[in-house]
Amino acid sequence: MIVLKHDGQPLEPDHGGPVRLLIPKLYAYKSAKWFDGLEFMERDRPGFWEQRGYSNEANPWKEERYW
């Protein structure tokens with residue numbers, strides 16, 4: 001999801017404004033605070049945090065923070 005507002009107010013820069021990417025039901029590091037573009041791919045590949053040992057799935061209910 002691309003978030004523009006929180007509680008009906010424009011998203012503040014401290015919280016990623018003017019827009020922020022939000023991945024529901026995943027740990028917050030999966031939701032980019034700032035982004036400058038989107039890339040659509042046929043296959044998934046490890047991102048910044050995954051290359052540093054964080055889980056690709058990041059299911060908080062299973063405590064999947066790290067590989």
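Since this is a predicted model, take the numbers as computed values, not measurements.
Rounding to the nearest 0.5 Å gives a distance of 4.5 Å between CD of Glu39 and CZ of Arg45.
Relative to the six-membered ring of Tyr54, Arg52 misses at least one condition, a distance below 6.0 Å or an angle of at most 45° to the axis.
Under the rule for a side chain to side chain contact (heavy atoms under 4.5 Å, CB included), the partners of Leu38 that lie at least two apart in sequence or sit in another chain are Ile2, Phe35, Phe40. Residues passing the salt bridge (charged side-chain N to carboxylate O under 4.0 Å, His left out) test with Glu12: none are found, sequence neighbours excluded.
With Glu50 contributing its side chain and Gly47 its backbone, the two residues share a donor-acceptor pair below 3.5 Å.
The shortest heavy-atom contact between Val3 and Leu11 is O-CD2, 3.9 Å.
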